[in-house]
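Labels below follow one simple rule: chain letters A, B, ... track the order of the sequence lines, proteins then strands, and each chain is numbered from 1.
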Amino acid sequence: MALRFYNTLTRKKEEFAPIVADKVGLYTCGPTIYNFAHIGNFRAYMFEDILRRYLEFRGYAVTHIMNLTDVEDKLIRTCRETGEPLKAITARYAEAFFADLDTLGIKRADAYPAATEHIEEMVSLIKTLREKGHTYEEEGSIYFRLSSFPRYGKLSHMDMAQLRDGASGRVDSDEYETEDARDFALWKAWDETDGEVYWETELGKGRPGWHIECSAMSMKYLGASFDIHCGGVDNMFPHHENEIAQSECASGQKFVNYWLHCAHLVVEGKKMSKSLGNFYTLRDLLEKGIDPMAIRWVLAATHYRQPNNFSFDALEAANQSLNRIRDFRLRLAEVKGEGAALEEACKKCEDAFMTAMDDDLNMSGALAAVFEFIREVNKEVDAGQIGEAGARNALALLDRLNTVTGVFSPTMEEAVPEEILAQVQARQEARRARDFAKADAIRDALTAAGWVIEDTSEGARVKRL
RNA sequence: GGCGGCAUAGCCAAAUUGGUAAGGCAGUGGCUUGCAAAGCCAUGUACUCCCGGUUCGAGUCCGGGUGCCGCCUCCA
């Protein structure tokens with residue numbers, strides 16, 4: 001079995017072969033920390049999390065770098081409008097971002113380099129590009145000359161000639177100081193609208209363009225050539241295209257071997273927008289009392305290259321799926337005695353799981369393998385054929401696969417209060433006395449209090465509603 | 001206007017890449033249960049958006065159409 005990814009560069013699924021055996025350098029475009037991230041942002045970060053987790057599951061030592069964009073037009077505008085210093089804003093939203101990652105069970109990258117902490121690297125990269133003749137200056141700003149990089153457009157398959165035609169009708173060329181409307185800024189000269197946001201460097205007083213940060217930081221942490229670069233499809237052009245141009249012109253080497261792009265998320269079939277009222281940050285959803293794991297499930301269960309239709313129906317279905325898995329775990333924990341060890345069933349499940357994931361991270365297929373396993377094992381539990389060893393093996397399998405999916409965890413452990421246990425006990429006594437009216441009354445009261453009782457051959461099982 | 005992606009049962013969503021449609025949720029019937037819950041079994045004729053075409057055979061390939069989405073303006 002071989003791990004294969006769909007490479008945007010070639011538009012084909014390719015067998016994955018890292019530059020250095022057993023090691024993977026992974027760079028994923030991170031957030032601009034000027035606001036709370038929305039659920040669509042997290043779709044991409046979730047995909048990258050699953051990718052990283054599966055690479056690790058496959059035995060690769062992954063170095064995962066995600067940038068934080070902490071200087072950029074929108075941020076500067078916010079500074080201007082609120083009078084708040086840049087750092088204060090970015091610190092607040094960086095903190096919120098990390099908290100959200102934790103809520104969703106997204107593993108932390110190895111480093112989150114911030115643009116403002118890598119001005120030196122960017123300046124140095126721009127200087128290299130200037131020395132090699134890829135730049136020109138206009139009114140103190142430095143631009144990348146696209147015509148100096150003939151391969152431009154290879155990733156997004158954009159035809160530059162048509163791009164120009166397409167743009168000419170809509171773009172007021174007077175707004176551009178560039179020789180060619182497609183050229184992009186590497187360094188932006190300071191003007192009064194930038195306020196306090198500027199750096200005095202060899203390139204003058206100003207700030208870096210957006211694209212240069214990813215080139216500078218990815219190469220700093222992962223080398224001039226590395227394995228995988230991810231992002232949302234919207235970053236493909238021009239951002240990733242520009243990164244390739246900057247990086248390859250500067251280093252003379254192939255920048256990235258595998259480009260993986262995540263499709264967008266729509267809400268209830270519609271593009272997420274504030275005017276439609278279907279714009280959600282993670283916090284908005286938590287306020288509605290939605291289980292973060294259900295959100296994780298919905299974000300992760302659709303193939304990353306497929307548009308993900310996020311809906312409240314889907315969240316509810318995800319909740320039920322989570323319950324099924326949690327109930328399965330509770331059931332296994334109660335199995336006692338001798339019986340089947342489930343070695344074959346476990347192996348079959350894991351193989352099917354890996355076959356699906358190896359095929360460009362087919363999570364739906366991988367989850368299907370797990371559900372088939374659960375149904376098979378449940379059947380055997382019903383028949384009393386499973387032994388403690390089998391139950392242990394099945395639970396261990398779920399734990400192992402959970403390192404990839406992150407949605408197979410047991411129910412949150414919550415101590416059942418004494419008074420609830422007392423009620424359960426009272427109900428058991430009533431049942432023994434065949435006073436079902438009383439038993440049902442107690443059960444109703446417990447349900448109202450948020451506790452579910454399930455009678456099993458081993459006694460009553462209590463869990464949170 | 002240019003380029004690209006997507007369209008599978010009530011909902012979500014796969015299909016080893018041309019070989020005769022996974023899985024989950026919801027629903028229905030049954031077993032089990034004091035009744036439930038959980039679990040198991042059974043159950044959907046899916047004209048795979050529409051119209052053509054290639055092929056022994058197409059959800060999968062080609063052409064046309066419709067709809068949705070993205071990029072072309074520093075939004076994952």
Which whole-number value in Å describes the distance from A:Phe371 CZ to B:rA26 P? 11 Å

With sugar-phosphate meaning primed atoms plus P, OP1 and OP2, does A:Asn362 contact a base, only sugar-phosphate, or nothing at under 4.0 Å between heavy atoms? sugar-phosphate

Any donor-acceptor pair, under 3.5 Å, between the side chain of A:Arg443 and the base of B:rA36, if you only look at N and O atoms? yes

Counting the atoms with a prime plus P, OP1 and OP2 as sugar-phosphate, which does A:Asn323 contact under 4.0 Å by heavy atoms, base, sugar-phosphate, or nothing? nothing

Tell me what A:Leu330 touches on the nucleic acid: a base, only sugar-phosphate, or nothing, going by heavy atoms under 4.0 Å. nothing

Check every strand shown and say whether A:Asn41 touches a base, only sugar-phosphate, or nothing at a heavy-atom separation below 4.0 Å. base

A:Asp234 near the nucleic acid: base, sugar-phosphate alone, or nothing, with a heavy-atom cut-off under 4.0 Å? base

Determine whether a donor-acceptor pair (N or O, by modelled atom type, separation under 3.5 Å) exists between the side chain of A:Asn362 and the backbone of A:Gly365. yes

For A:Asp327 and A:Gln306, find the nucleotide of RNA chain B closest to each by heavy atoms; which residue's nucleotide sits nearer the 5' end? A:Gln306

Between A:Lys379 and B:rC41, is there a contact of a side-chain N or O with OP1 or OP2 at under 4.0 Å? yes

Under 4.0 angstrom, heavy atoms only, what part of the nucleic acid is A:Glu316 near: base, sugar-phosphate, or nothing? nothing

Determine the contact category for A:Arg305: base if any of its heavy atoms lies under 4.0 Å from a base atom, sugar-phosphate if only primed atoms, P, OP1 or OP2 are that close, otherwise nothing. nothing

Taking 5.5 Å and 30° as the limits, would you call A:His264 and the base of B:rA76 a stacked pair? yes

Taking any heavy-atom pair under 4.0 Å as a contact, classify A:Lys74: base, sugar-phosphate, or nothing. sugar-phosphate

Any side-chain heavy-atom pair of A:Arg207 and A:Trp190 under 4.5 Å: no

Quick one: label A:Arg329 by what it contacts on the DNA or RNA (base, sugar-phosphate, nothing), any heavy atom closer than 4.0 Å. nothing

